[in-house]
There are 2 protein chains.
Amino acid sequence: MSEEGARAFGGAGNLAHRVPDLGALELLLAVARLGSLGAAAREVGITQPAASSRIRSMERQLGVALVDRSPRGSRLTDAGALVTDWARRIVEAAEAFDAGAQALRDRRDSRLRVAASMTIAEYLLPGWLLALRAERPDTAVSLLAGNSAAVAQRLLSGEADLGFVEGVDVPHGLDSAVIAHDHLIVVTAPGHAWARRRRPLAASELASTPLILREKGSGTRQVLDAALGGLARPLIELSSTTAVKAAVVSGAGPAVLSELAVREELAMRRLVRVPVEGVALARDLRAVWPTGHRPTGPARGLLSLTRG
Amino acid sequence: MSEEGARAFGGAGNLAHRVPDLGALELLLAVARLGSLGAAAREVGITQPAASSRIRSMERQLGVALVDRSPRGSRLTDAGALVTDWARRIVEAAEAFDAGAQALRDRRDSRLRVAASMTIAEYLLPGWLLALRAERPDTAVSLLAGNSAAVAQRLLSGEADLGFVEGVDVPHGLDSAVIAHDHLIVVTAPGHAWARRRRPLAASELASTPLILREKGSGTRQVLDAALGGLARPLIELSSTTAVKAAVVSGAGPAVLSELAVREELAMRRLVRVPVEGVALARDLRAVWPTGHRPTGPARGLLSLTRG
DNA sequence: ATCGGGGCATAACCTGGGGTTATGAGCGAA
DNA sequence: TTCGCTCATAACCCCAGGTTATGCCCCGAT
């Protein structure tokens, strides 16, 4: 009955009851790759009966046969192949989570100490850390997230080896390299009138429409204000990107957000991008380090990963 | 010790031991949203002590304090906010998995029966199903995945209401609407010589280089052969997109793959896109239905979701 | 033909994580 | 004060998922 309640509210319901846990998904990927329950079991460090039962209960849970068992191996069924591909996305997200969490934990005595602004730490760093781990598995990385000023301070005080910031200005005392470009884009819920526009929105129209905004002082807000000439009209001000997204999705109004932050939502049509013209909403993402101290060693390794 | 083995091999190690399970992550998201352990507990349908202990053990596991508890509520710490954002990606992947799995399970007696080609079923459908569920929570959807011919057959025999195919030709007897464009792109491992090219690759160069390919007959292969004039030279032929990606990542050589299939890998720099010119590597993604039978009801709902 | 070994399943057992109820202890508002 | 909200602790329970021990099946090698 509390099931009903949860269901009725968010629509999310207890995912955990309907989706196999990470261990089971990893096991499934191993089976897919190795073609044998026993071999997969060995790889993930459990016994063959445990693997057998785990897969079986996953099939029960999903209501779909996943593997064809034969006396000389196991292959995925068609449905199994599909499920495995979907599972892989969960596992990849979990790997990124793990890489990030590990960096967050190892605050001290790491070989590479990174300081990054929130947007970069949220959306890009976990992927980079995974890539770095793949190349140099023994590099311990620590992560500190904060705004541009905090990043600069960490670098200058020697508490961090490499920094990442988004924004227009490079803090004093730091050298930088542009590693990517981020575009701020206008988004609305699919139901909003703007969602059906074909003609691009004019800057004046954007400036005169009340928007859902981050609080004054956030990087995103600064860029937007600058682009509009200091004029963005707030409909509401919220303190996190996530809150802004939630408000937009629920139809409260349009917002201007980083492309990075809404990639997922755009892909699954929870948000719609509104074309705009005549406004410079691009900003650089930069790696930064103390003037003169060119990154070396692991810092150089990470830096080179971040450039296409 | 088997831990060591797994570690040495894939580098993956037992993720499940280092990443909190889905239930814990959902709980964390609820805490973030509601600002109280008790409220979050109620939402996910457990008691307050259970939530308290769950969060605490998650903090132990990660080695990071996630929430600031006070007698009048709980707020995320800075690290907690970051972790929560990473967690959200896992949960979203899990939601997509769930939507897909549910559609796979409910083969019969669904209000909307969808047939889709593998690429679309893998990468796009789960997101659409989530969006559909958000709009019309009571629509039961079933999914059948197969190649274009199978999709056509299902539609014509009345076993499916709406189909999705990628490819150049629309099967006979079906009407279609283009819902998106997919680009095949050339990718290599970051270490490959092509990864550093600035000048686009010429078609002739691509045609004369041995590539990692899907087996003959796959949609991707067909488009590539057509674009090159029937010439793609195989270095190896593999039977799944996943296998091709793995081979490319490991440095075996370049491949031509759907943008959809490698979005993640590009984002985290496991693969690099190589610019190409003079080759038409675009293909349409189409919704299809039996000639005359314009989609209505839930099929129309899904169809409208898929168009930007 | 038969034996060995890889593959999977079943059975009986054990453990611990995560759930529950019951209770207590801060803190703020009425 | 006292209520009402927060979170924490304690004692208990259950079962999912692990283990070992075994058996069956099939194939290929002796």
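Chain letters run A, B, ... following the sequence lines, proteins first, then strands; residues in each count from 1.
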Task: Between P of D:dG18 and CD of A:Glu26, the distance in whole Å - done: 12 Å
TODO: Output all residues satisfying ring pair (Phe, Tyr, Trp, His ring centres under 6.0 Å) with B:Trp128, sequence neighbours left out; order by chain, then residue number.
DONE: B:Phe164
Open item on the list: The criterion is salt bridge (Lys or Arg N to Asp or Glu O under 4.0 Å); which residues satisfy it with B:Arg88, sequence neighbours excluded?
Closed with: B:Asp85
Open item on the list: Taking 4.0 Å as the cut-off, does a side-chain nitrogen or oxygen of B:Ser74 come that near to OP1 or OP2 on D:dT6?
Closed with: no
- [ ] Round to the nearest Å and state the distance from A:Asp68 atom CG to C:dC8 atom P.
- [x] 12 Å
Open item on the list: Looking at C:dC8, I'd like to know if its phosphate oxygens (OP1 or OP2) sit under 4.0 Å from a side-chain N or O belonging to A:Ser36.
Closed with: yes
- [ ] Take the protein atom NE2 of A:His17 and the nucleotide atom P of D:dC15, then report the distance between them rounded to whole Å.
- [x] 14 Å
TODO: If a protein heavy atom is under 4.0 Å from the base, mark B; if only from the sugar-phosphate, S; if neither, -; do that for nucleotides 9-27 of chain C going 5' to 3'.
DONE: BB-------SSBBB---BS
TODO: For A:Leu22 and D:dA16, give me the distance from atom CG to atom C1', rounded to whole Å.
DONE: 16 Å
Open item on the list: Rounded to whole Å, please give me the gap between CZ in A:Arg60 and C1' in D:dG17.
Closed with: 12 Å
Task: B:Glu264 and B:Lys245 ion-paired at < 4.0 Å - done: no
Task: Spacing between A:Glu43 atom CD and C:dG7 atom C1', to the nearest angstrom - done: 17 Å
Open item on the list: Applying salt bridge (Lys or Arg N to Asp or Glu O under 4.0 Å), can you list everything that pairs with B:Glu237, at least two apart in sequence or on another chain?
Closed with: B:Arg221
Task: salt bridge (Lys or Arg N to Asp or Glu O under 4.0 Å) partners of A:Glu59, counting only residues at least two apart - done: A:Arg69
Show me the side-chain donor-acceptor pairs of residues 73-83 of chain A shorter than 3.5 Å, one per line, residues at least two apart or across chains.
residue : atom : partner : partner atom : Å
A:Thr77 : OG1  : A:Ala65 : O            : 2.8
A:Thr77 : OG1  : A:Leu66 : O            : 3.1
A:Thr77 : OG1  : A:Gly80 : N            : 2.9

